[in-house]
Amino acid sequence: MIVIYTPDHKGHAPVHEIYRGERVPSFEKPDRLVIIYDALKDRGHEIINPTADSLAIIEEVHSARYINFLKTAWDTWVSIDPENEHIQPFPSVWPVRTLRSDNEPLNFIAQLGLYSMDNGTPIDRGTWTAAKAAGDAVITGAQMLHNGVHSVFCAVRPPGHHAGYDYMGGYCFINNAAIAARKLQQSGCKRVCIFDIDFHHGNGTQDIFYESPDVLYVSIHGDPKTEFPFFSGYSDEKGLGDGYGYNLNIPLAAGTTSHQWFEAFRSAISFITRYKPDAVVVSLGLDTFEGDPISKFSLLSEDFIKIGRDLHTMNTPTIFVLEGGYAVKELGTNVTNVIDGFENH
Ligand code: OKP
Ligand code: ZN
């Protein structure tokens, strides 16, 4: 399978995230993609650099003020004090419910809160460059699909599916799957499906297309009653207005077995098949793996071959967009298994 990859992701390497109130080493780190890149290369997949510029579509999917903040955030942070170069900023105040989010404060930490859903999405010197490069990769992939390629794999980070129109969160800044879907629409696909099989619900993707019948969002994920992002991902979220019926959430309890997961997966596939999409964007998280350190499903490495095989039965042009997956050692095998299953069905 053609793989789209750029080393620009390495500039996004925040050292810590906050866990139980303490700073712990970041789970979402460059090593994840280094391992995946090596495995893809070993298996002989053709790896190309992005050739497209995603900025115009990023500007359609995300708000102008949020993009402007992201682009300038690190320089602003360091301009406050040169010592900040070595310190990670974290938000500490958020405009929840009745507080005002129309007004952008001048204080940097307050701005960070305005544009964040959590305190778990650290910004680094190279964050904008990495996030933009991931966007370039998926736009390149969407163009290839338009030119008749049946499937591409976008090996990108940081991930995207928690990022909404106006905010970052859950390690995500720019919604890669959403911009892939927009690009596919613009190149003539009337019906696009985003199939999100990351362990976590893609609240950002859901938000962006919640009123759109022309982009079907289907997600299988850990039940938000107990799992991040907690405030989105319930089965009664079905879309709004013309988009009603075009959002399908399948929350599964922590501890769901591989057998139960595949039951949900196959019913999602038949739902998607009835929609008759012109293209499918797979938000591919590998954090459904049993060894994942932050997730609670129990797929085995060989299950990822089955995932690829079953996705291929939809017989629809498919763009894979990497989301989560934090069991770094097994990530290369798990990713290449999905591709092998898809190609060798
Ligand atoms: C991103 B993706 C764990 C804190 C949880 C949020 C998880 C984001 C997952 N220490 N932080 O969907 O894989
Ligand atoms: Zn995830």
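What you see is a predicted model, and the numbers here were worked out from it, not measured in a lab. Numbers here are sequence positions counted from 1.
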Within-4.5 Å side-chain heavy-atom neighbours: Leu114 and Tyr66: no

Beyond-backbone contact of Val282 with Val321, side-chain heavy atoms, under 4.5 angstrom: no

Asp340 vs Arg309, salt bridge (Lys or Arg N to Asp or Glu O under 4.0 Å): CA-CA, chis, key distance, verdict: CA-CA 8 Å; Asp340 285 354; Arg309 202 187 293 145; over 6 Å; no

Donor-acceptor contacts, no H, no angles, side chain residues 283-294, under 3.5 Å, sequence neighbours left out:
from	atom 1	to	atom 2	distance (Å)
Ser283	OG	Glu323	OE2	2.7
Asp287	OD1	Phe199	N	2.8
Asp287	OD2	His200	ND1	3.1
Asp292	OD1	Ile294	N	3.0
Asp292	OD1	Ser295	N	3.3
Asp292	OD1	Ser295	OG	3.0
Asp292	OD2	Tyr326	N	2.8

Geometric cation-pi criterion Arg191 and Tyr275, 6.0 Å radius, 45° cone: yes

Evaluation steps, ring-ring contact (aromatic ring centres under 6.0 Å, His included), between Phe173 and His12: CA-CA 11 Å; Phe173 301 89; His12 175 66; 5.2 Å; yes

Residue pair Leu112 / Pro91: nearest heavy atoms and the distance that separates them: CD2-N, 3.7 Å

Nearest non-hydrogen partners of Phe297 and Ala253, listed with the distance: CE2-O, 3.5 Å

Roughly how far, to the nearest 0.5 Å, is [atom2] of [Y] from [atom1] of [X]?
X	Y	atom1	atom2	answer
Ile272	Leu216	CD1	CG	6.5 Å
Ser219	Asn249	OG	CG	5.5 Å
Asp242	Asp214	CG	CG	9.0 Å

Criterion salt bridge (Lys or Arg N to Asp or Glu O under 4.0 Å) on Asp310 and Lys306, from CA distance to verdict: CA-CA 6 Å; Asp310 289 355; Lys306 278 206 283 184; over 6 Å; no

Partner set under ring pair (Phe, Tyr, Trp, His ring centres under 6.0 Å) for Tyr210, not counting sequence neighbours: none

Contacts of Phe271 that satisfy ring pair (Phe, Tyr, Trp, His ring centres under 6.0 Å) - sequence neighbours left out: none

Remaining members of hydrophobic cluster (4.5 Å side-chain criterion), Tyr244: none

Test of ring centre spacing under 6.0 Å for [X] and [Y]:
X	Y	result
Tyr5	Tyr37	yes
His62	Tyr167	no
Phe209	Tyr246	no

Aromatic plane relationship, Phe262 with Phe265 - under 30° parallel, 30 to 60° tilted, over 60° perpendicular: perpendicular

Assess, by modelled atom type and distance only, whether the side chains of [X] and [Y] contain a donor and an acceptor separated by less than 3.5 Å.
X	Y	answer
Glu60	Gln186	yes
His201	His221	no
Thr121	Asp118	yes
Asp8	Thr129	no

Set of side-chain hydrogen bond (donor to acceptor under 3.5 Å, both in side chains) partners for Asn49, sequence neighbours left out: none

Quiz: residues 145-156 side-chain donor-acceptor pairs under 3.5 angstrom, not counting sequence neighbours:
from	atom 1	to	atom 2	distance (Å)
His146	ND1	Ser187	O	3.1
Asn147	ND2	Gln143	O	3.3

